[in-house]
Protein chains: 2
Amino acid sequence: MPSIHEVAHLANVSSATASRALSRPEMVAPATRERVLSAARQLGYQPNILARSLRQGETRTIGLIVADILNPFHGQLAKGVQDVADKHGYTVFLFNSDEESEKERRAIETLRGHLPQGLIIEPTRSTRDHLKTLSNLAVVELDRVSGNPKATTITVDNLAGAKAGTRHLIEQGHTRIGMIVGQLDISTAIERHRGFQDALQEAGLPYHPELVLPGHHREDDGYRVAKHLLSLPKATRPTALFVGNNEMTVGAVLAARELGLQIPDDLSIVGFDDSRWAQTMYPPLTVVAQPAYELGAVACEHLIGLLGRPQSGLPAHVQLSTELIIRQSTGPPAPA
Amino acid sequence: MPSIHEVAHLANVSSATASRALSRPEMVAPATRERVLSAARQLGYQPNILARSLRQGETRTIGLIVADILNPFHGQLAKGVQDVADKHGYTVFLFNSDEESEKERRAIETLRGHLPQGLIIEPTRSTRDHLKTLSNLAVVELDRVSGNPKATTITVDNLAGAKAGTRHLIEQGHTRIGMIVGQLDISTAIERHRGFQDALQEAGLPYHPELVLPGHHREDDGYRVAKHLLSLPKATRPTALFVGNNEMTVGAVLAARELGLQIPDDLSIVGFDDSRWAQTMYPPLTVVAQPAYELGAVACEHLIGLLGRPQSGLPAHVQLSTELIIRQSTGPPAPA
DNA sequence: ATGAAAGCGCTAACAG
DNA sequence: CTGTTAGCGCTTTCAT
């Protein structure tokens with residue numbers, strides 16, 4: 001890799017001038033500028049970002065820590081972030097926490113060494129602690145909130161979403177509705193659970209705690225929990241299921257199939273997050289859809305905004321809305 | 001961020017000793033080492049990787065350029081790469097080319113400035129040209145090959161996979177089989193097309209060029225092409241479709257549904273790539289599955305191996321195998 | 001408008 | 001075993 005000295009030498013100027021010609025063209029005589037530019041082109045010169053960042057104390061880099069890049073929802077978040085970062089000339093360091101505290105800790109540590117100017121993170125249980133080590137880095141929390149009151153957060157209105165999904169089931173006539181909820185130490189799970197409860201209450205329906213069970217957001221959890229709920233004696237078994245995230249919904253659908261339950265005749269299902277398979281599965285799934293890509297894009301716009309001004313007042317809390325998409329996995333309960 | 005000088009000062013040693021205590025503990029007296037370590041802990045010291053990399057000329061960073069992170073197949077590749085990189089203490093710079101030459105060019109350019117020690121790339125049409133600017137960076141081509149004979153490549157046996165998928169359709173009794181093939185300037189598409197042809201030929205079946213149409217790997221392409229093929233007059237319309245990638249298969253399935261064709265009774269479909277929706281859709285899809293995660297993992301292992309030795313002989317060409325998973329989207333053609 | 005020189009934070013010679 | 005010194009490539013004063 002040629003250095004700026006070689007470019008300077010070839011153009012018969014000092015490295016200072018070469019640097020200026022490249023980054024502040026207006027400070028340099030047109031003729032000189034041309035010579036430098038052509039020398040750079042000729043040598044295939046590419047500035048060494050490490051050196052530049054070291055000198056300027058500015059890396060034009062941001063960190064992104066997502067919970068699980070294989071889950072299409074999180075994948076879309078990541079894409080939204082990347083596209084916007086790219087547009088503004090920032091480079092993204094992407095890490096996966098896989099929902100594990102320890103991985104998150106390591107990701108943050110590695111990231112720190114690379115001196116990102118900002119961090120976008122989907123918090124886990126331990127994020128609050130981990131972020132304490134990050135003196136005064138601009139942080140945007142995405143999708144979930146860690147509880148840190150100083151953080152800017154970009155989320156979806158989970159409460160309203162869950163309420164809408166549950167209400168839809170109630171309107172179909174269901175009274176025994178089960179929920180497979182996420183980990184209750186994560187904000188999204190808490191809010192969706194709350195929305196579920198609120199909808200029941202508004203309708204004057206009782207909340208059956210034994211029909212509400214937690215899972216760790218994975219397909220197997222959905223499968224296991226659904227298997228249990230759907231194997232209850234007919235009288236107590238739920239006629240509808242509201243599932244707290246996309247992966248667990250897959251598990252629930254497979255469990256229902258395995259038990260020979262027809263959807264929606266024997267069981268109605270509403271999932272959270274839309275996805276490719278929700279549209280192609282049979283029957284197409286009714287879901288509470290989230291604007292995943294936009295969520296990521298907005299988070300990144302905000303972060304970059306934050307970088308512009310030093311300490312601009314209060315942290316923002318942006319909340320995007322969800323959309324209930326009614327397909328064919330929901331219908332009235334079978335007559336008793 | 002505290003620098004190593006502050007740590008050194010607090011521990012009453014020179015910065016050189018502090019550096020050694022941190023990176024080469026055996027070179028330093030145990031007592032000193034302890035003092036330095038504790039000072040570092042106390043200050044929350046984290047080495048500045050930029051400075052270190054600049055000094056050592058070694059960034060312990062690799063670049064990864066995937067075609068489309070939102071496609072789960074590519075997502076799995078990325079995860080495989082990342083997990084392995086992580087295990088070896090490398091950090092990954094992830095970029096998306098979105099199958100666009102121009103984005104790929106920009107990604108490579110940006111990457112260069114960050115001085116990655118190696119690059120893993122899913123080549124596009126123009127990769128060969130773009131890589132010329134990368135003097136002597138270790139490069140591993142993933143999933144596809146660019147045609148550069150000096151590159152190490154990690155691929156799947158697309159020829160055998162496509163052959164197996166096609167043969168399966170032939171065994172079911174199909175004689176008019178259509179194919180939706182990818183862009184024919186990408187190696188995987190070429191090989192799958194060839195495998196398709198070979199299977200026909202081995203079975204003594206004619207190749208109908210009018211039943212083989214290209215798409216750009218997206219859902220809409222699959223939809224559009226399938227719509228066309230399936231709208232042909234009954235006598236000439238294919239009774240089975242072999243589709244060259246996962247996204248296009250979605251489109252083909254939706255097109256079939258829209259035309260009221262029952263799968264597999266009116267139409268058999270074999271897709272390339274397994275996925276979540278292939279398993280949950282109705283009916284579950286017969287596919288040629290690829291070990292995506294492993295592909296990424298192997299690529300990264302290879303790259304890191306390459307970094308160990310300087311110029312180790314010939315480039316490797318690893319080929320993993322595919323697996324035909326027979327589900328329920330394939331069956332005998334309807335009797336005429 | 002240009003050049004000389006300093007310094008970002010780190011580590012590798014080289015001395016001692 | 002430890003300190004001094006130099007330099008990775010870049011940009012930015014400060015002169016001129």
Side-chain angles (χ1 to χ4, degrees), chain A residues 1-37 39-40 43-61 89 91 109-117 135, chain B residues 1-37 39-40 43-61 89 91 109-117 135:
Chain A
M1 288 275 293
S3 79
I4 200 166
H5 288 99
E6 307 178 42
V7 174
H9 182 251
L10 183 59
N12 263 310
V13 294
S14 72
S15 59
T17 301
S19 170
R20 284 187 282 250
L22 262 9
S23 328
R24 290 171 159 45
E26 72 284 3
M27 292 183 65
V28 122
T32 327
R33 187 192 316 153
E34 268 320 309
R35 254 184 304 134
V36 173
L37 260 45
L43 296 172
Y45 172 73
Q46 187 75 12
N48 179 328
I49 310 232
L50 274 54
R52 171 187 291 171
S53 301
L54 183 60
R55 172 65 230 245
Q56 309 197 82
E58 240 198 51
T59 57
R60 286 193 84 75
T61 277
T91 300
E109 203 159 275
T110 305
L111 218 37
R112 265 188 80 197
H114 286 276
L115 305 185
Q117 298 189 242
S135 41
Chain B
M1 287 276 293
S3 79
I4 201 166
H5 288 99
E6 308 178 41
V7 174
H9 183 250
L10 182 60
N12 262 309
V13 294
S14 73
S15 59
T17 301
S19 170
R20 285 188 282 248
L22 263 8
S23 329
R24 291 174 158 46
E26 72 283 2
M27 290 183 68
V28 126
T32 326
R33 186 193 316 154
E34 268 322 307
R35 257 186 302 135
V36 173
L37 259 45
L43 296 173
Y45 171 72
Q46 188 75 13
N48 180 326
I49 310 230
L50 274 54
R52 174 186 288 171
S53 299
L54 183 58
R55 172 63 232 243
Q56 304 193 331
E58 238 197 53
T59 55
R60 287 193 82 76
T61 277
T91 300
E109 203 158 275
T110 305
L111 217 39
R112 266 186 78 194
H114 285 277
L115 305 185
Q117 299 189 242
S135 41

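Convention: sequence-line order gives letters A, B, ...; per-chain numbering from 1.
Distance CG (A:Asn12) to C1' (C:dA1): 16 Å, rounded to an integer number of Å. Remark: C1' of C:dG9 and CG of A:Leu115 are 10 Å apart, rounded to the nearest angstrom. Separating the CD atom of A:Glu58 from the C1' atom of C:dC8 is a distance of 13 Å, rounded to the nearest angstrom. Between B:Tyr45 atom OH and C:dC10 atom P there is a gap of 4 Å when expressed in whole angstrom units. Distance CE (B:Met1) to P (C:dG9): 10 Å, rounded to an integer number of Å. Rounded to whole Å, atom P of C:dG9 lies 14 Å from atom CD of A:Gln56. Straight-line distance from the CZ atom of A:Arg52 to the C1' atom of C:dG9: 18 Å, rounded to whole Å.
Map B:Leu50 and A:Val13 each onto its nearest nucleotide of DNA chain C; the residue landing nearer the 5' end is A:Val13. Along DNA chain D, the nucleotide closest to A:Pro47 and the one closest to B:Ser14 are compared, and the more 5′ of them pairs with B:Ser14.
Comparing the axis of the opening five pairs of the helix from C:dA1-D:dT16 to C:dG16-D:dC1 with that of the closing five pairs yields an angle of 40°, rounded to 10°.
Panel note: side chain A:Arg20, backbone A:Val28; no donor-acceptor pair is recorded below 3.5 Å. Proximity of a side-chain donor or acceptor of B:Arg33 to a complementary backbone N or O of B:Ala21 within less than 3.5 Å is not detected. Not a single donor-acceptor pair under 3.5 Å links the side chain of A:Ser19 to the backbone N or O of A:Ser15. The main-chain N or O of B:Ile49 is found under 3.5 Å from a side-chain atom of B:Ser53 such that the two form a donor-acceptor pair.
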| Check against side chain to side chain contact (heavy atoms under 4.5 Å, CB included), A:Met1 and B:Leu115 | CA-CA 9 Å; A:Met1 288 275 293; B:Leu115 305 185; 3.8 Å; yes
| Residues B:Glu6, B:Leu43; criterion side chain to side chain contact (heavy atoms under 4.5 Å, CB included); working and verdict | CA-CA 8 Å; B:Glu6 308 178 41; B:Leu43 296 173; 4.2 Å; yes
| message | Let's go through B:Glu109 and B:Arg112 carefully: what are the C-alpha distance in whole Å and the side-chain angles of both, what is the deciding distance for side chain to side chain contact (heavy atoms under 4.5 Å, CB included) to 0.1 Å, and is it a yes or a no? | response | CA-CA 5 Å; B:Glu109 203 158 275; B:Arg112 266 186 78 194; 5.7 Å; no
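Minimum interatomic distance between B:Gln117 and B:Thr59 (heavy atoms only, all atoms of both residues): OE1-N, 3.4 Å. Here the shortest heavy-atom pairing between B:Gln46 and A:Thr110 reads NE2-N, 4.5 Å.
As judged by a 4.0 angstrom heavy-atom cut-off over every strand, B:Thr32 is placed among residues touching the sugar-phosphate backbone only.
Taking every heavy atom of residues 17-30 of chain A and every atom of DNA chain D, pairs under 4.0 Å involve A:Ser19, A:Arg20, A:Ser23, A:Arg24, by number.
The footprint of chain A on DNA chain D, defined by a heavy-atom cutoff below 4.0 Å, extends from D:dG9 to D:dT13.
Note that the CG atom of B:Leu54 and the CG atom of B:Asn48 stand 9.5 Å from one another [nearest 0.5 Å].
In this structure, the side chains of B:His114 and A:Thr91 come closer than 4.5 Å at one or more pairs of heavy atoms.
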